[in-house]
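All values below come from the heavy atoms of this structure, side chains included, with hydrogens, waters and symmetry mates left out.
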Amino acid sequence: MRVISGIYGGRRLKSLAGVATRPTTDKVKESIFNMIGPYFEGGEVLDLFSGSGSLAIEAISRGCEHAVCVEKNYQAIKVIKENIEQTKELEKFTVLKLDADKAIEKLANDHWVFDYLFLDPPYAKQKIEDQVIKMSELNLFKKSAVIVCETDKTVELPEKIASFIQIRKKNYGITSVTIYRKEDDQ
C-alpha cells in the first residue's frame, strides 16, 4: 500500500495485519480521488473508520489542509501514527482513538466542520445512514461537502441521505464506492 499521488506520492504505508481492518486497495483509492478531485485547494477531512490512515494521508498529499483520523482499534492507531510520521507533517493530522459515534459527538462539541468525509466502516457493523444523518444534524459539514462511502458491493445505499444526494456509484470487485454531494451544492 502506498500514497498514490501528490506531495507524498510513492511513499509506502503500513497496514494492520490480520482481519481487524480492510485497507482500501491502491486501485480503489486512486479511483476515489479521481472521482472527487483529484487534487484539492485546501479543505478539512474526516476519515471516520481510519484503519491505516491511508485515505486521510492521500487527501492531505493531494492538497487538503487537515485530516482527522478516527479509529477505535489500538493496533490500528499505532499504524496510523506511524504512517502519519512518514509525511513529516504531523501538524496536518489529528488522531482520535474513539468509537465512531462518540467521535461524532466530540467533533461537534469541538466545532469541527468538514469538506470531505470518508466512511469505510467494518462491513458487518455499518451504520452509514444513521451516522451521516447525525453529522448533518450536528452541522459537521460545510456547504459543498462530499461523502465517500466504501461498502461491500451487496450493500444498497439510498439515493439521498439527509441533505446529500448520491452522485456516483462504482463497483470494484467485492467493494462498492458511493459518493454523495450536499444537495444545495448541485
Side-chain angles (χ1 to χ4, degrees), residues 1-13 15 23-71 79-81 83-96 100 103-104 107-108 110-121 128 131-132 135-136 138-151 157 161-170 172 175-186:
M1 188 169 57
R2 63 188 173 90
V3 179
I4 306 296
S5 189
I7 59 174
Y8 314 138
R11 293 185 194 184
R12 293 249 169 245
L13 300 174
S15 63
T24 302
T25 66
D26 287 352
K27 176 185 175 185
V28 172
K29 184 168 45 174
E30 185 170 16
S31 294
I32 287 170
F33 283 93
N34 284 338
M35 286 188 272
I36 66 169
Y39 296 96
F40 311 100
E41 292 181 18
E44 296 285 331
V45 175
L46 173 57
D47 190 355
L48 196 56
F49 299 89
S50 200
S52 66
S54 168
L55 290 171
I57 292 168
E58 189 75 35
I60 299 299
S61 181
R62 292 171 182 250
C64 287
E65 295 167 50
H66 188 266
V68 176
C69 300
V70 175
E71 179 58 58
V79 169
I80 291 167
K81 288 180 176 179
N83 285 337
I84 289 171
E85 285 176 19
Q86 296 275 351
T87 71
K88 310 272 192 263
E89 295 185 294
L90 282 65
E91 71 281 359
K92 291 187 176 186
F93 299 89
T94 300
V95 179
L96 300 176
I104 290 168
L107 293 165
D110 293 347
H111 307 289
W112 284 91
V113 185
F114 298 97
D115 299 281
Y116 303 97
L117 169 63
F118 295 102
L119 284 168
D120 184 9
I128 289 173
Q131 288 165 334
V132 169
M135 287 184 274
S136 287
L138 294 171
N139 297 313
L140 285 174
F141 298 113
K142 291 189 182 167
K143 183 181 175 205
S144 59
V146 172
I147 299 173
V148 178
C149 305
E150 191 175 332
T151 61
L157 292 173
I161 304 176
S163 61
F164 288 86
I165 297 287
Q166 188 181 126
I167 59 167
R168 192 102 185 254
K169 181 174 180 169
K170 189 148 171 69
Y172 302 90
T175 301
S176 182
V177 173
T178 307
I179 298 174
Y180 291 87
R181 184 173 297 277
K182 206 142 191 224
E183 188 171 29
D184 57 355
D185 191 52
Q186 293 292 307

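Heavy-atom neighbours of Glu91 CD from other residues, nucleotides or ligands within 6.0 Å: above the threshold of 12.
For Phe49 and Phe118, the ring centers sit 6.0 Å or farther from each other. For Tyr39 and Phe33, the gap between ring centers reaches or exceeds 6.0 Å.
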### Query
Would Tyr116 and Val148 count as a side chain to side chain contact (heavy atoms under 4.5 Å, CB included) if you check the C-alpha gap in whole Å, the side-chain angles of each, and the deciding distance to 0.1 Å?
CA-CA 8 Å; Tyr116 303 97; Val148 178; over 6 Å; no

### Message
side chain to side chain contact (heavy atoms under 4.5 Å, CB included), that's the test. Do Glu44 and Cys64 meet it? Break it down for me.
### Response
CA-CA 6 Å; Glu44 296 285 331; Cys64 287; over 6 Å; no

### Task
Check step by step if side chain to side chain contact (heavy atoms under 4.5 Å, CB included) holds for Val68 and Asp47.
CA-CA 6 Å; Val68 176; Asp47 190 355; over 6 Å; no

### Task
Check step by step if side chain to side chain contact (heavy atoms under 4.5 Å, CB included) holds for Val113 and Leu140.
CA-CA 4 Å; Val113 185; Leu140 285 174; 5.9 Å; no

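A donor-acceptor contact shorter than 3.5 Å is absent between the side chain of Arg12 and the backbone of Arg2. Under the 3.5 Å distance criterion, the side-chain polar atoms of Asp115 are left unmatched by any main-chain donor or acceptor of Ala145. Judged by distance alone, the side chain of Ser61 and the main-chain N or O of Ile7 form a donor-acceptor pair under 3.5 Å.
Across all non-hydrogen atoms, the minimal contact from Arg168 to Met35 is NH1-CG, 3.1 Å. Of all heavy-atom pairs spanning Ala103 and Leu48, the tightest one is CB-CD1, 4.5 Å. Between Ala59 and Val45 the shortest heavy-atom distance is CB-CG2, 3.8 Å. Taking each heavy atom of His66 and Phe93 in turn, the nearest pair found is NE2-C, 3.6 Å. Between Ile80 and Gly51 the shortest heavy-atom distance is CG1-O, 3.3 Å. The nearest pair of heavy atoms linking Glu58 to Ser5 is OE2-N, 3.0 Å.
Lys143 contributes atom NZ, which lies 12.0 Å from atom OG of Ser163 (distance to the nearest 0.5 angstrom). Taking CD1 of Ile57 as the reference point, atom CD of Gln86 lies at 8.5 Å (rounded to 0.5 Å). Rounded to the nearest 0.5 Å, atoms CD (Gln131) and CG (Leu117) are 9.0 Å apart. Atom CG of Leu55 sits about 10.5 Å away from atom CG of Leu119, to the nearest 0.5 Å. Here the CG atom belonging to Asp120 is positioned 9.5 Å from the SG atom belonging to Cys149, to the nearest 0.5 angstrom. Rounding to the nearest 0.5 Å gives a distance of 9.0 Å between CG of Leu13 and CD1 of Ile4.
Looking only at side-chain heavy atoms (C-beta outward), Arg181 and Phe164 stay at 4.5 Å or farther from each other. Between Leu46 and Val70, the closest side-chain pair of non-hydrogen atoms falls below 4.5 Å. A heavy-atom distance below 4.5 Å is found between the side chains of Ile128 and Pro121. For the pair Ser54/Met1, a side-chain contact is recorded, criterion being any heavy-atom separation below 4.5 Å from C-beta on. At least one side-chain heavy atom of Tyr172 sits under 4.5 Å from a side-chain heavy atom of Val177. Contact annotation: the side chain of Leu107 never approaches that of Met135 to less than 4.5 Å [non-hydrogen atoms, C-beta and beyond]. Taking the side chain as every heavy atom from C-beta outward, Ser31 and Lys170 never approach each other to under 4.5 Å. Residues Ile179 and Ile147 have side chains not in contact (no heavy-atom distance under 4.5 Å, counting atoms from C-beta outward).
Between Glu85 and Lys81 no salt bridge is recorded (no basic side-chain N to carboxylate O distance below 4.0 Å). With respect to Glu89 and Lys92, a salt bridge is recorded, a charged nitrogen being found less than 4.0 Å from a carboxylate O.
With no hydrogens or angles considered, no side-chain donor-acceptor pair links Lys182 and Ser144 at under 3.5 Å. Counted by atom type alone, Glu150 and Thr24 present one or more donor-acceptor pairs between their side chains at under 3.5 Å.
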